[in-house]
2 protein chains.
Amino acid sequence: MSDPAAFLAKHGVRPSYPRLKILEYLAGTKEHPSAEMIHRDLVLSLPTLSRTTVYNTLRLFAAVGIARELRIDETEARFDADMRPHGHFRCRACGRVFDFPLTPGIEQPALPEGFKLERAELSCEGLCPACATSSLPLP
Amino acid sequence: MSDPAAFLAKHGVRPSYPRLKILEYLAGTKEHPSAEMIHRDLVLSLPTLSRTTVYNTLRLFAAVGIARELRIDETEARFDADMRPHGHFRCRACGRVFDFPLTPGIEQPALPEGFKLERAELSCEGLCPACATSSLPLP
DNA sequence: GTATCTGCAAAACATTTGCAATTCT
DNA sequence: AGAATTGCAAATGTTTTGCAGATAC
């Protein structure tokens with residue numbers, strides 16, 4: 001992300017300071033954070049940041065195509081600024097979300113006649129390599 | 001579903017009356033209902049049925065492999081007793097959830113080494129045929 | 001008779017909303 | 001000034017939990 005402000009402007013989003021910080025945070029992580037995680041981290045350097053603004057901003061980012069909302073976690077929405085096609089894998093033990101490449105064709109599933117596809121998401125769950133080989137008791 | 005009680009017993013689930021009714025309801029619909037929808041309909045013929053029991057039962061069904069929980073709706077979990085591999089499409093206008101066949105290979109995505117896959121779900125969103133051709137204003 | 005199941009009420013939790021104060025142009 | 005943005009507090013809606021009574025084996 002060379003110029004975050006220009007990137008926001010290009011998507012028709014006014015580059016306010018909170019929005020810039022949220023964009024930079026999201027573009028610079030592979031954690032697929034939730035709104036709560038983003039707020040918890042950013043409020044350290046931006047103490048006035050409210051949860052409401054984080055929620056508003058993430059919804060706005062999703063609406064204009066800057067980020068996507070993942071429904072891979074049972075309790076909270078997770079967000080990803082990588083808009084290239086890829087799948088997600090959530091480890092049920094540690095909760096981390098991993099990206100994985102899609103076999104070509106999956107991103108354009110063959111829907112019956114008449115359906116107008118706008119979004120597709122391949123979500124997997126199981127154990128990540130670290131948790132699969134761990135000797136700790138699993139949830 | 002020829003013998004629902006035997007089906008439950010086969011999965012190690014005691015066939016109580018509420019569980020039987022919930023199983024029959026779920027197996028007899030293509031609506032992919034939420035817990036609330038199931039309760040709203042079943043309470044008409046089973047007035048003592050509580051929401052808690054519906055939630056408990058659906059969680060139990062998912063745990064033993066009788067049904068699966070879909071995270072395709074923004075607000076509430078939806079449930080499906082069809083355990084055969086297939087994808088789901090949610091219409092953002094009418095909220096209905098449709099099944100569609102999966103191109104072979106999708107149900108076994110190629111994960112990187114070491115990941116232990118337990119569940120995979122392909123969720124799509126867009127407009128269903130009825131809503132796509134409707135002249136009503138869309139949400 | 002003991003473990004399991006049910007249901008009510010209350011709690012927990014993520015997210016949204018109303019609205020006033022602030023900020024940007 | 002005027003429009004957009006922010007942030008607080010309260011509300012919303014789904015799901016979970018504690019616990020007492022009912023039920024099944």
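Since this is a predicted model, take the numbers as computed values, not measurements. FYI, side chains are in, hydrogens and waters are out, and symmetry mates aren't considered; it's all heavy atoms of this structure. All chains are named by letter (A, B, ...) in the order of the sequence lines, taking the proteins before the strands, and each is independently numbered beginning at 1.
Using modelled atom types and a 3.5 Å distance limit, the side chains of B:E36 and B:S34 yield no donor-acceptor pair.
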Can you tabulate the close N/O pairs, meaning under 3.5 Å, that link protein atoms to atoms of nucleotides 22-25 of chain D?
none

Every protein N/O lying under 3.5 Å from an N/O of nucleotides 11-18 of chain C:
| from | atom 1 | to | atom 2 | distance (Å) |
| --- | --- | --- | --- | --- |
| C:dT15 | OP1 | A:A77 | N | 2.8 |
| C:dT15 | OP2 | A:Y55 | OH | 2.8 |

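Ring geometry for A:H88 versus A:H86: interplanar angle over 60°, hence perpendicular rather than tilted (30 to 60°).
In this structure, the side chain of B:R19 does not engage the main chain of B:T53 through any donor-acceptor pair within 3.5 Å. Remark: side-chain polar atoms of B:S134 are not paired, donor with acceptor, to backbone N or O of B:A130 under 3.5 angstrom. A distance-only check finds a donor-acceptor pair linking the side chain of B:R68 to the backbone of B:D82 [under 3.5 Å]. Panel note: side chain A:R78, backbone A:L70; no donor-acceptor pair is recorded below 3.5 Å.
Rounded to a whole Å, the NE2 atom of B:H39 is 13 Å from the P atom of D:dT15. Protein atom NZ of B:K21 is 14 Å distant from nucleotide atom P of C:dT6, rounded to whole Å. In this structure, A:I22 atom CD1 and D:dT5 atom C1' are separated by 12 Å, rounded to whole Å. Taking atom CG of residue B:L46 and atom P of nucleotide C:dT6, one finds them 10 Å apart after rounding to whole Å. The distance from atom CZ of A:R71 to atom C1' of D:dT14 is 15 Å, rounded to the nearest whole Å.
Put simply, A:S16 has a side-chain N or O that comes within less than 4.0 Å of OP1 or OP2 on D:dT6. At least one side-chain nitrogen or oxygen of B:T53 sits closer than 4.0 Å to the OP1 or OP2 atom of C:dG7.
For the helix from C:dG1-D:dC25 to C:dT25-D:dA1, the terminal axes (five pairs an end, C1' atoms, rotation from four pairs onto the next four) enclose an angle of 30°, given to 10 degrees.
The two residues A:I72 and A:C124 have their closest heavy-atom pair at CD1-O, 3.7 Å.
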Q: Using the ring pair (Phe, Tyr, Trp, His ring centres under 6.0 Å) rule, take A:F61 and A:F79 through it: C-alpha gap first, then chi angles, then the decisive distance, then the call.
A: CA-CA 10 Å; A:F61 283 3; A:F79 293 86; 9.3 Å; no
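Look at B:R90 and B:D73 and you find a salt bridge, because one of the NZ, NE, NH1 or NH2 atoms lies within 4.0 Å of a carboxylate O, short of that distance. Here B:E121 does not pair with B:R71 in a salt bridge; the nearest charged N to carboxylate O distance is not below 4.0 Å.
In this structure, A:F98 has its ring center closer than 6.0 angstrom to the ring center of B:F115.
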